[in-house]
Amino acid sequence: VQLQAYGGGLVQAGGSLRLSCAASGRTFSSYYMGWFRHAPGKEREFVAGITWSDGTAHYADSVKGRFTISRDNAKNTVFLQMDSLKPEDTALYYCAAHPSGGSYYWGSYDYWGQGTQVTVSS
């Protein structure tokens, strides 16, 4: 099973990035896909999640209205569109797969991608 996250980079405040997470190695139709981020000196935190089956999405309060999570079932890929980026969004972003309804707690996820760095300059 592999989750491969990519799309990070350096962007100025107010800019946009689109992260992708390509899943392979098993069927994820019953899974919940989450994006987490981990900044130096901070706890890993939930950013957004989506139910693979019907597209129900959830967001952390800090990103609501700025980030949009979506999925492409045919390509087994989950996306995180990040707009109006702020310096405090700077972190290593991970995608992860949860075996059922999802959770804000990172420890309950089964599979993790390798992380992609997002840096927002002021």
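All values below were derived from every heavy atom in this structure, side-chain atoms included, with hydrogens, water molecules and symmetry-related copies excluded. In this chain, residues are counted from 1 in sequence order.
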Engineer: Return the minimal non-hydrogen interatomic distance between Ala39 and Ala91, and the atom names on each side.
Structural biologist: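 Shortest heavy-atom contact: N-CB, 3.9 Å.
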
Engineer: Using modelled atom types and a 3.5 Å cut-off, is there a donor and acceptor pairing between side-chain atoms of Tyr104 and backbone atoms of Ala60?
Structural biologist: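 No.
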
Engineer: Measure across Leu92 and Gly115 and return the closest heavy-atom pair with its distance rounded to 0.1 Å.
Structural biologist: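 In terms of heavy atoms, the two residues are closest at CD1-C, 3.9 Å.
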
Engineer: When you group the ILVMFWY residues by side-chain heavy-atom contacts below 4.5 Å and let the links chain together, are Met33 and Phe36 in the same group?
Structural biologist: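 Not linked; separate clusters.
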
Engineer: Please enumerate all residues that pass ring pair (Phe, Tyr, Trp, His ring centres under 6.0 Å) together with Tyr32, with sequence neighbours excluded.
Structural biologist: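 His58.
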
Engineer: Which pairs, with at least one residue in residues 91-121 and sequence neighbours excluded, count as a disulfide (SG to SG under 2.5 Å)?
Structural biologist: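 Those involving residues 91-121 are Cys21-Cys95.
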
Engineer: Only pairs under 3.5 Å count here: list side-chain donor-acceptor contacts from residues 78-86, not counting sequence neighbours, and write none if there are none.
Structural biologist:
residue: Gln81; atom: NE2; partner: Asp83; partner atom: OD1; Å: 2.9
residue: Asp83; atom: OD1; partner: Ser16; partner atom: OG; Å: 2.7

Engineer: Closest approach of Gly49 and Phe46, non-hydrogen atoms and distance?
Structural biologist: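 For Gly49 and Phe46, the tightest heavy-atom pair comes out as N-CZ, 3.3 Å.
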
Engineer: Evaluate the ring planes of Trp106 and Trp112, with Trp represented by its six-membered ring, and classify them as parallel (under 30°), tilted (30 to 60°) or perpendicular (over 60°).
Structural biologist: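 Answer is perpendicular, since the angle exceeds 60°.
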
Engineer: Indicate yes or no: at least one non-hydrogen side-chain atom of Gln117 is less than 4.5 angstrom from one of Thr90.
Structural biologist: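 A side-chain contact exists here, since the closest heavy-atom pair is under 4.5 Å.
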
Engineer: Output yes when a side-chain donor or acceptor of Gln114 lies under 3.5 Å from a complementary backbone atom of Gln4, and no otherwise.
Structural biologist: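 Between the backbone of Gln4 and the side chain of Gln114 there is no qualifying donor-acceptor contact (under 3.5 Å).
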
Engineer: Return the set of residues passing salt bridge (Lys or Arg N to Asp or Glu O under 4.0 Å) with Lys42 (not counting sequence neighbours), or none when no residue passes.
Structural biologist: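 Not a single residue meets the salt bridge (Lys or Arg N to Asp or Glu O under 4.0 Å) criterion with Lys42.
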
Engineer: With side-chain hydrogen bond (donor to acceptor under 3.5 Å, both in side chains) as the rule and sequence neighbours excluded, what pairs involving residues 43-52 come up?
Structural biologist: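 Every pair satisfying side-chain hydrogen bond (donor to acceptor under 3.5 Å, both in side chains) with a residue in residues 43-52: Arg37-Glu45, Trp52-Asn73.
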
Engineer: Looking only at heavy atoms, what is the nearest atom pair of Ile69 and Tyr59, with distance?
Structural biologist: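 Answer, listing the atom of Ile69 first, then Tyr59: N-OH, 2.9 Å.
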
Engineer: Is a side-chain donor or acceptor of Tyr94 paired with a backbone partner of Ala5 at a separation under 3.5 angstrom?
Structural biologist: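 It does not hold such a pair.
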
Engineer: Roughly how far, to the nearest 0.5 Å, is the CD atom of Glu88 from the OG atom of Ser122?
Structural biologist: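 Taking OG in Ser122 and CD in Glu88, the distance rounds to 10.0 Å.
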
Engineer: Between Ala96 and Tyr109, what is the shortest heavy-atom contact and its length?
Structural biologist: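 Looking at all heavy atoms of both residues, the closest pair is CB-CD2, 3.6 Å.
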
Engineer: By the salt bridge (Lys or Arg N to Asp or Glu O under 4.0 Å) test, which pairs, at least two apart or in different chains, include something from residues 13-34?
Structural biologist: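 Every pair satisfying salt bridge (Lys or Arg N to Asp or Glu O under 4.0 Å) with a residue in residues 13-34: there are none.
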
Engineer: Would you say Phe28 and Leu3 make side-chain contact, with heavy atoms under 4.5 Å?
Structural biologist: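 Yes, side chains in contact.
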
